[in-house]
2 protein chains.
Amino acid sequence: MATRPMYEVIRGDLLDQITAGALPPEARLPSEKELAERYRVSRMTVRQALDALVRERLVVRRRGAGSFVAPQRARSRRLNRLVPFGDEVSEDVVTTEIRRLVQVPPAAVARVLELGETAETVRLVRLRTVGGTPAAVQESWVPVAAAPGLARTELIEGSLYRTLAERCGIAVSWAEQEITACAATKELAGLLGVPQRAPLVEAHRTAHEGSGRPVEHASSWTRPEFPFVVRLDA
Amino acid sequence: MATRPMYEVIRGDLLDQITAGALPPEARLPSEKELAERYRVSRMTVRQALDALVRERLVVRRRGAGSFVAPQRARSRRLNRLVPFGDEVSEDVVTTEIRRLVQVPPAAVARVLELGETAETVRLVRLRTVGGTPAAVQESWVPVAAAPGLARTELIEGSLYRTLAERCGIAVSWAEQEITACAATKELAGLLGVPQRAPLVEAHRTAHEGSGRPVEHASSWTRPEFPFVVRLDA
DNA sequence: GAGTGGTCTAGACCACATG
DNA sequence: ATGTGGTCTAGACCACTCA
């Protein structure tokens, strides 16, 4: 019996009640004391559960008053998260077309991946389509040394990160992304179905595993109808 | 004596040692037990201090091994934070030119600010200049009702948020931002010194106070040499 | 095996919000 | 005045890492 910690259990129960609507936005949660009694657990353990929900912005605490489900607008979707492309963009059907080859990357890419100038990478170029219209081109480089086998595996549902996780044992944990704008080159214009020199959203991302080792560098070009959404905190 | 909580004191001490370099990246911190003894405090209190540093990504824990200062590359600047424009862009000299007037905003802006169709706002248009070259145009709307006095106050160092905080008692706590691309209109091209139809980074932001009430809606157009940088987590 | 962080207890006193 | 969350104690057992 792989027994989860009690604070995880409590957090899960409260999360279920919040997402199911049994605890609607602004509703008061049971007090810490009451939860402690209900779960036959000490108050510190209840606080661990609530701490997690507060960090996830689902709950706010008010000293002297109680803990409350966060107002809807404070929740703001799954922002600043690394999510598969499909989840990023609505509910429409997402398809992916792939080109893949093994090659030595440009020097700038080798540098951010902390590779020597001659190390090989798997280069993936994907065309993402949403509801039938082309939305984005993504070009990724993954060091061959980091993910042996990637060159010979099919991508799981077009998702590089799922493939790295389930086929190569590499868990991407965080990434830094630069977002800017550019004019469509002739090639991008053709792929994305926009006029040459049309404005595109250009992004450059470096993804890392938990240890901090870089495992992917990617560039993407997206039609402006598909903006990036970011949450900022003070 | 406004006595800070002990876990804040401990966190502060460790933070100082990390930023001063006394505890360099990858260095092992004293064990929780040792810190507890040193500060004459229980281990749970030490853990509160370490929890905070872990959330700030300055420290990583390894069960059975110890707690360590996070590797440099995992820290990644002050990302996903609401910072004054000057802090966003390097060390260059930033100047600001301001136009300000009171007017009823477009319907789309009124809606996100949760205002009636006839409510007035302070509209600020700022031209941001970095090292002498124009970098961005920012257009902000702030409800007059939320910030009475804003219409008659000078901005503190060109910063709307500092002014709201120090002159109007409004603490902006978080914002949601949409980033996309557009082609420079004739007017933007003139202000930013780029050709007409040149690609620009376009962003739309709604900022909220802690209570969740929206206090600003802003749009900005930035030359692509000044990208947005975002950190994403799994 | 010794030391580390992960989880948990059963209390306590305090500052604060609300009726 | 009552009840809430904020802070803190002085222990405990466990799972894990490392020498």
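Computed from a predicted structure; not experimentally measured. Letters A, B, ... mirror the listed sequences (proteins, then strands); counts begin at 1.
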I need the [atom1]-[atom2] distance between [X] and [N], as an integer number of Å.
{"X": "A:E8", "N": "C:dC8", "atom1": "CD", "atom2": "C1'", "result": "15 Å"}
{"X": "B:R47", "N": "C:dC8", "atom1": "CZ", "atom2": "C1'", "result": "11 Å"}
{"X": "A:K33", "N": "D:dG5", "atom1": "NZ", "atom2": "P", "result": "11 Å"}
{"X": "B:F68", "N": "D:dT17", "atom1": "CZ", "atom2": "P", "result": "12 Å"}
{"X": "B:L50", "N": "C:dT7", "atom1": "CG", "atom2": "P", "result": "14 Å"}
{"X": "B:Q48", "N": "C:dG5", "atom1": "CD", "atom2": "C1'", "result": "16 Å"}
{"X": "A:R63", "N": "D:dG5", "atom1": "CZ", "atom2": "P", "result": "12 Å"}
{"X": "A:R28", "N": "C:dA17", "atom1": "CZ", "atom2": "C1'", "result": "11 Å"}

When you match A:M44 and A:S67 each to their closest nucleotide on DNA chain D, which lands nearer the 5' end? A:S67

Heavy atoms from C-beta onward define the side chain here; which of C:dT7, C:dG6, D:dG6 lies closest to that of A:Y7? C:dT7

Choosing from D:dG5, C:dC8, D:dT9, which nucleotide comes nearest the side chain of A:T45? C:dC8

Please answer whether the main-chain N or O of [Y] pairs with a side-chain N or O of [X] as donor and acceptor at a distance below 3.5 Å.
{"X": "A:R62", "Y": "A:F68", "answer": "no"}
{"X": "A:T163", "Y": "A:I156", "answer": "yes"}
{"X": "A:H208", "Y": "A:V172", "answer": "no"}
{"X": "A:T121", "Y": "A:Q103", "answer": "yes"}

Is any N or O donor-acceptor pair between the side chain of B:R43 and the base of C:dG6 shorter than 3.5 Å? yes

Would you kindly compare A:M6 and A:A65 by the position of their nearest DNA chain C nucleotide and give the one closer to the 5′ end? A:M6

With a 4.0 Å cut-off on heavy atoms, is A:R62 in touch with a base, just the backbone sugar-phosphate, or nothing at all? sugar-phosphate

Between A:E154 and A:R100 (salt bridge meaning N to carboxylate O under 4.0 Å), is one present in this structure? yes

